[in-house]
Amino acid sequence: MTEPRLIRNFSIIAHIDHGKSTLADRVLELTHTVYGRDMKDQVLDTMDIERERGITIKAQAVRVMYDADDGETYQLNLIDTPGHVDFTYEVSRSLQACEGALLVVDAGQGVEAQTVANAQLAMNAHLGVIPLINKIDLPQADAERVSHEIEEALTIPGEEAILTSGKTGAGVRDALEAVVRRVPPPQGDSDAPLRALIFDSYFDPYRGVVGLIRVVDGHIAKGMKLRMMATGVTTEAEEVGVRRPANQPVEGLGVGEVGYLITGLKDPALVRVGDTVTLAKRGSEEPLPGYREVKPMVFTGMFPIDGDQYPDLREALDKLRLNDAALVFEPESSHALGFGFRVGFLGLLHLEVVKERLEREFGLDLLATAPSVEYHVRKTNGETIVVQSPQDMPDVGSIDRIEEPFLRAMILVPPDYVGAVMELAEGRRATFKDMQYLSKTTVELHYDIPLGELIMDFFDQLKSRTRGYASLDYEYIGYRESQLVKLDILLAGKPIDALSFIVHKDKAYYRGKTLSEKLREIIPRQFFEVPIQAAIGGRVIARETVRAKRKDVLAKCYGGDVSRKRKLLEKQKAGKKRMKAVGNVEVPQEAFMAILKVDE
Amino acid sequence: MSDPEGIGTLTGPSLPAHLYVHVPFCRLKCSYCDFFSVPVEDAEGVEAVLAGIEEEILEWGRARLSGILDTVYVGGGTPTIIGPGVIRILESVRTSLPARTDGEVTVEANPDSATARLVEALAAAGVTRVSLGVQSFDDEIIGLLGRLHTVEEAHVAARAVCDAGLDLAIDLMCGVPGQSLRSWHCTLEEGIETGAKHVSVYPLALEDGTPLAVAVGAGLVSSPDSDAAADMMLLAEDVLGAAGFERYEVANYAVPGHESRHNTAYWTGESYIGVGPAAHGMLDPETAGASGVRTGVGTDVARVRYSNASDIEEWLQGAGRDVETLSKAEVAREDVMLGLRLARGVGARIVAAAGLEEQLRQLEAEGLVELAGGGVKQRWRTTTRGWLLGNEVFRRVWLPDQ
């Protein structure tokens, strides 16, 4: 166990793509934690999907030993965090275990929305924030401008910023020196009963739930009888260790130390992130402040293309949930798509990542319906119901009013694109709150916007309208009443529940019409005519027709053609398998996502 | 012709009644064509292929199987481009294999290589029928298809075939980008005037990798419009019908008595030999074994389809042959699928035996097939609409478990 004065716990926080993970790689090298043979890019990102996309989804903790200029060897516990707004909760969790944060800002891109958001999270948690201006090796690096932006947007003196390059390793040692000098050592009472915060967990198929912990008071050692304060479960410390970055068992962890705890418990619900671990007997009575539980914001229906895969989908979701507390799901059945699940996510990236993992790691062929939010519906009989799926929306007649979730969105953008952002925001029922010039190159805009609009391709639109310059962050601000209606889509006269969506009354006609047009393009011609109708409560507001296919024949079929054309028919049929037969209409998967692509 | 419905009564290996010879040379490949051919090159290369074809025919002769050839079809490529070479092939067939005296002997020809002299020589060598690749009587359309002849040459070649007393068959293509219904109507009329007794009507299909497909992909040529092709196919049935042609297969029309016996064999489950690079053949398992096409023994093999290597060197060495076997159940479905291409359709009992009655009932409800005749003569036939949507019909017959 190390004396607290020689311990520093810090996170690396940043906007997505500003180079955290590469910087973390350099720290591991500089401190000889990982040697050449084991060194690869993004050491701490262990999921395939993280490496491929170059993003961090799950926070990672690692202990490194640093020989500082003052001649002492410090124990540094570094926590690499995700940069995407969907995973803000991962960041806030990580910060609970730290006294300081390295705030990485790309020297070319400058301050972006998640830079501001993450810096605010860190400052609200009273952490020492050390700004790093990273990627200074790039030709477009402009440290002076970025330093000015840091001062304006974050109210941190620009001269405190350290210039670094994750690529060349320049400035990394300076950054670690700053951690030693500017981040306060952990404080706690080593004589008090054990209090350790579980700030993350993951599931190991052989060992059960592995909790990442930060000891605040007392100490924890192998064999101790423990109690989880929130759940009340008593258990035993089967193994205590540190991550370097592989798990390395140790005798115990003392005040301020970060490591892992294995108890043998298999159920993630019993080793809850945010819970406080104490002693089973004569333990502490006062839990550490936890943090708000994460709530899914975006919901989608996920259905196996092949109905036989339903049990496999359930099993796969169960497995993913072991490592992803934010993932929630419950069975859902659709007339059009059969049996599946309504799955809740933190945001669209989270949704995308989960869908991709289900398909890649579990070999499932999935169809996802357009994402939706959770509506609060007050019925005329006084009852209030929660609706996560458009198909569960009650009859118009029985609805008194509908409330939907709103966000406070922060958009950072160069001044030239403010008009484009305003135009987009207005089209999305957003209310302008305020605007502030952070520097000559960056404007910060605030809007209140319904989440339902934000998940409608808003981010892609924002990026394309600002040529990639805008960045976005948001926080949930609560439910507000809106004039919403449910729009139904009928194919060949039959309502297709999986295509229904909730829309603001004033936009219903436009979206119904454009979606019908889009569907007409997406749905291939069948050998009979397929009318597409958009309707509100039985009233048709738009109609399109997929004309019947008249000719589809392999006209030449002589000796050599027979095998070849048989194979072509087999290929055609395989193509059909990728579509969903809704009644007798073959509907391609993308049709169920078409509503997202209805441009304003 | 044996009745396809009697299939399965054959015992022991036998010489198939039909022979296809593939001549893999063209002057220049047409823009839409994905059949195997190479530009006609040096005389040595042609000689090597001719010698290889002769050898392959001789091998069948050496097998000494019982049976008589009923039809021979020399296709390609453009067989007539090697001129007298075609006559050598026919000579080799005559001396190696027994053939019926009233056999049907067809040679494919392009208007630019079917000279009067060659046609007369073909007639003298026993050819009874010439299939002329006319495609269109509109020079613009001919140009777009990348063909090297003119309308005038097509007329001259057609006249030469008729003058030599041979049965003339012509191919016409519809659904070509830029082709108007009016141009198509003229092509049909002019086609009838040539004296042809057999007309094949093909809607243009874009085959992957062909220059036309590339041009369409690049936006240089508009993609073929399937609705326009449907209109043209319907017009062909009307115009040709009025001139005494009967549609006997999806793409084929003939003055009664002039149907292609060779091609009909393909649709009625009869065996045929394929000779030459990239040629395909179909044999019963016993004949396939006796002729060395298939060496392994499998259970439930009712039909053997093979294709020769398309690489000329490989083929010359007797290597690279692809062999595909079909089970009894697959053969039954294949026969129904091919039979539904024919106007006369397929006997209801055959459909029932193939286990496809339910599928055809469903297709009937959708107006794609119909039941004609009564009692034992009851047959399933494809409707005109069903013909246009043939893939829907054929797919559901070949792959019934939707």
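All values below come from the heavy atoms of this structure, side chains included, with hydrogens, waters and symmetry mates left out. Values in this document were obtained by computation on a predicted structure and should not be read as measured data. Order of the sequence lines sets the chain letters (A, B, ...), proteins ahead of strands, with each chain counted from 1.
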Exercise. Got a donor-acceptor contact below 3.5 angstrom from the Gln526(A) side chain to the Phe528(A) backbone?
Worked result: no
Exercise. Judged by atom type as modelled, is there a donor-acceptor pair below 3.5 Å linking the side chain of Gln391(A) to the main-chain atoms of Ser333(A)?
Worked result: yes
Problem set entry | salt bridge (charged side-chain N to carboxylate O under 4.0 Å, His left out) partners for Asp171(B), two or more places apart |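 If we apply the salt bridge (charged side-chain N to carboxylate O under 4.0 Å, His left out) test to Asp171(B), skipping adjacent residues, there are no hits.
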Exercise. Among all residues two or more places apart in sequence or in another chain, which pass the salt bridge (charged side-chain N to carboxylate O under 4.0 Å, His left out) test with Glu56(B)?
Worked result: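 Scan of Glu56(B) (salt bridge (charged side-chain N to carboxylate O under 4.0 Å, His left out), adjacent residues dropped) gives Arg321(B).
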Exercise. For Ser500(A) and Asp497(A), what are the C-alpha separation, side-chain angles and deciding distance, and is it a side chain to side chain donor-acceptor pair (under 3.5 Å)?
Worked result: CA-CA 5 Å; Ser500(A) 295; Asp497(A) 52 10; over 6 Å; no
What residue, out of [options], has the most heavy-atom pairs lying under 4.5 Å from chain A?
options	answer
Val201(B), Val393(B), Asp227(B)	Asp227(B)
Gly274(B), Ser200(B), Pro203(B)	Pro203(B)
Tyr272(B), Trp387(B), Tyr266(B)	Tyr266(B)
Glu334(B), His22(B), Arg385(B)	Glu334(B)

Exercise. Of all residues at least two apart in sequence or in a different chain, which pass the ring pair (Phe, Tyr, Trp, His ring centres under 6.0 Å) check with Tyr417(A)?
Worked result: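 Tyr417(A): ring pair (Phe, Tyr, Trp, His ring centres under 6.0 Å) contacts with Tyr469(A).
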Exercise. Could you go step by step and tell me if Phe303(A) and Phe592(A) meet the ring pair (Phe, Tyr, Trp, His ring centres under 6.0 Å) rule?
Worked result: CA-CA 11 Å; Phe303(A) 298 85; Phe592(A) 297 95; 8.5 Å; no
Side chain, backbone, both or neither of [X] within contact of chain A (heavy atoms, under 4.5 Å):
X	answer
Trp267(B)	side chain
Asn252(B)	side chain
Ser307(B)	neither

Exercise. Just checking, is any N or O donor in the side chain of Glu259(B) or His198(B) under 3.5 Å from an acceptor N or O on the other one?
Worked result: no
Exercise. Taking atom types as modelled, is there a side-chain donor on Ser389(A) or Glu332(A) under 3.5 Å from an acceptor on the other?
Worked result: yes
Problem set entry | Toward chain B: residues of residues 531-552 of chain A with heavy atoms under 4.5 Å | Arg547(A), Lys549(A), Arg550(A), Lys551(A), Asp552(A)
